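Reading through the structure tokens given below for one structure.
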There are 2 protein chains.
Amino acid sequence: MSESRNRPIGVAFLLAQLGAHAAGRFAARVAELGLSPADVGLLRMIAFQPGRSQQSLAADLGVVPSRVTAMLDPLDRAGLVERRRSAGDRRNHELHLTAEGTRVMEDVKRTAMAHEADLTSCLSPDQRGQLLALLELVADDQGLTPGVHPGYRRS
Amino acid sequence: MSESRNRPIGVAFLLAQLGAHAAGRFAARVAELGLSPADVGLLRMIAFQPGRSQQSLAADLGVVPSRVTAMLDPLDRAGLVERRRSAGDRRNHELHLTAEGTRVMEDVKRTAMAHEADLTSCLSPDQRGQLLALLELVADDQGLTPGVHPGYRRS
DNA sequence: TATTGTTATACTCTATAACTATA
DNA sequence: TATAGTTATAGAGTATAACAATA
């Protein structure tokens, strides 16, 4: 409680704390759509590059291919993604969103906007712009890929 | 890669991304001291309030008492914390840092300062102050307790 | 023989519940 | 009977390795 008097809180700690908070809130919101944050990440990657293979997904996510199989199974069963055998190389699955999957991603987009609005509601438009710029500065300096959430994997 | 062209990146996502990055980097740093971030959190709480019980720790952390036992065991074996039977109520363990534990916490403090410096090295002192102020504004508005990292538990 | 995706297995993390020793 | 801490057990999550189909 009075811990803050003793120890100066730095940018690094605040980022970790607020980041976990933001991620937790987002998880709670998309849970109402029946999705986990990992599900959302997977759906976004498929929406952005339809037809990609599970191997390429595994490589980009930094996880093992068997993990992608396990993550994809429920989304497939729920009718949000479709695995199509590639005509050219029948070992491949070409991944696509279904119509339902596309609709769900619209819900996710609305959810993300509400999340953003809630998190920054205490800031003036000016302050929000400043914060965004400073965060982008640090993210860029730290070599983070835009739009790719690292989870907690390899640094 | 060119994802950023399509989808505007917001404050919420950047916070989650940078927060995970900062947490991961910190984890890598303290791993060199043989500690996990959870270990550090536990040591900090004991350092701040010596003599506290495992129950109070469990309550503050939002975890179950048996979890505290499991987290404490390696720190005890490593000689960083000491469990002293309370004289007043012999069911209790009063938790204290050992001399070695106190020394390790000095290392942790140096590590945290290096971490902070690295993460904000691209900012001018002015920018760093602005970022700190804006993050504190949001953290306060979101009801976050100073100095307490929520992990990914209950929102 | 190499590669895509799947299945089987093992390991880690965490929670629930049963247990002990005190009170 | 209730409480502090421990131990035992079970469930998620994730990685490694063996496997089947295709190239």
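Computed from a predicted structure; not experimentally measured. Labels below follow one simple rule: chain letters A, B, ... track the order of the sequence lines, proteins then strands, and each chain is numbered from 1.
- Looking at residues two or more places apart in sequence or on another chain, you find a side-chain hydrogen bond (donor to acceptor under 3.5 Å, both in side chains) between B:S36 and B:D39.
- A:E82 places its CD atom 17 Å from the C1' atom of C:dG5, with the value rounded to the nearest Å.
- For the side-chain hydrogen bond (donor to acceptor under 3.5 Å, both in side chains) test, residues two or more places apart in sequence or in another chain that qualify with A:E100 are A:R103.
- Applying the ring pair (Phe, Tyr, Trp, His ring centres under 6.0 Å) test to every pair with at least one member in residues 60-110 of chain B, sequence neighbours left out, gives no pairs at all.
- With rounding to whole Å, B:E94 atom CD is found 14 Å from D:dA4 atom P.
- At a cut-off of 3.5 angstrom, the base of D:dT16 holds at least one donor-acceptor pair with the side chain of A:S66.
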List the atom pairs, donor and acceptor, that lie under 3.5 Å between side-chain atoms in residues 112-122 of chain B and the rest of the protein, sequence neighbours left out.
| residue | atom | partner | partner atom | Å |
| --- | --- | --- | --- | --- |
| B:H115 | NE2 | B:A22 | O | 3.4 |
| B:E116 | OE1 | A:V11 | N | 3.1 |
| B:E116 | OE1 | A:A12 | N | 2.8 |
| B:E116 | OE2 | A:V11 | N | 2.8 |
| B:E116 | OE2 | B:R128 | NE | 3.4 |
| B:E116 | OE2 | B:R128 | NH2 | 2.7 |
| B:D118 | OD2 | B:R25 | NH2 | 3.1 |
| B:T120 | OG1 | B:E116 | O | 2.8 |
| B:S121 | OG | B:D118 | O | 3.0 |

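- Between A:R77 atom CZ and C:dT6 atom P the separation is 12 Å, expressed in whole Å.
- At whole-Å resolution of the value, CZ in A:R84 and C1' in C:dT4 are 18 Å apart.
- With rounding to the nearest 0.5 Å, the separation of CD in A:Q55 from CG in A:D60 is 11.5 Å.
- Within the structure, every side-chain polar atom (N or O) of A:R83 is placed at least 4.0 Å from both OP1 and OP2 of C:dT4.
- A sub-4.0 Å separation between OP1 or OP2 of D:dT6 and a side-chain N or O of B:T69 is present.
- Under the side-chain hydrogen bond (donor to acceptor under 3.5 Å, both in side chains) criterion, A:N92 pairs with no residue, sequence neighbours left out.
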### Query
How would nucleotides 18-23 of chain C be written as a contact map, 5' to 3', with B for base contact, S for sugar-phosphate-only contact and - for no contact, using protein heavy atoms under 4.0 Å?
----BS
Are there any protein N/O atoms within less than 3.5 Å of an N/O atom in nucleotides 9-13 of chain C, and if so, which ones and at what distance?
none

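- The CE-C1' distance, from B:M71 to D:dT6, rounds to 16 Å in whole Å.
- Taking five base pairs at each end of the helix from C:dT1-D:dA23 to C:dA23-D:dT1, the local helix axes there meet at an angle of 30°, rounded to 10°.
- Of the possible donor and acceptor atoms, none in the side chain of A:T111 sits under 3.5 Å from a partner among the backbone N and O of A:V30.
- Closest to the side chain of A:N92, from the set C:dT4, C:dT6, D:dA15, is C:dT4.
- Residue B:P65 is the one, among B:P65 and A:A70, whose nearest nucleotide of DNA chain D lies closer to the 5' end (criterion: closest heavy atom).
- Listed nucleotides: C:dT6, D:dA15, D:dG5. Nearest to the side chain of B:Q55: D:dG5.
- Closest to the side chain of A:V64, from the set D:dT16, C:dT16, C:dG5, is D:dT16.
- Between B:V81 and B:L95 the shortest side-chain heavy-atom distance does not fall below 4.5 Å.
- Rounded to an integer number of Å, the gap from CD of A:Q54 to P of D:dA20 is 19 Å.
- Within the structure, every pair that satisfies the side chain to side chain donor-acceptor pair (under 3.5 Å) test and touches residues 132-143 of chain A, not counting sequence neighbours, is listed here: A:Q142-B:H21.
- Legend: residues meeting side chain to side chain contact (heavy atoms under 4.5 Å, CB included) with A:S66, ordered by chain and number and at least two apart, are A:V64.
- Among residues two or more places apart in sequence or in another chain, the side-chain hydrogen bond (donor to acceptor under 3.5 Å, both in side chains) test is passed with B:S56 by B:R52.
- Pairs engaging residues 69-82 of chain A under the salt bridge (charged side-chain N to carboxylate O under 4.0 Å, His left out) rule: A:D73-A:R83, A:D76-A:R83, A:E82-A:R84 [sequence neighbours left out].
- When the P atom of D:dA4 is taken as reference, atom CG of B:L95 falls 13 Å away, rounded to whole Å.
- Rounded to an integer number of Å, the gap from A:H93 NE2 to D:dT22 C1' is 12 Å.
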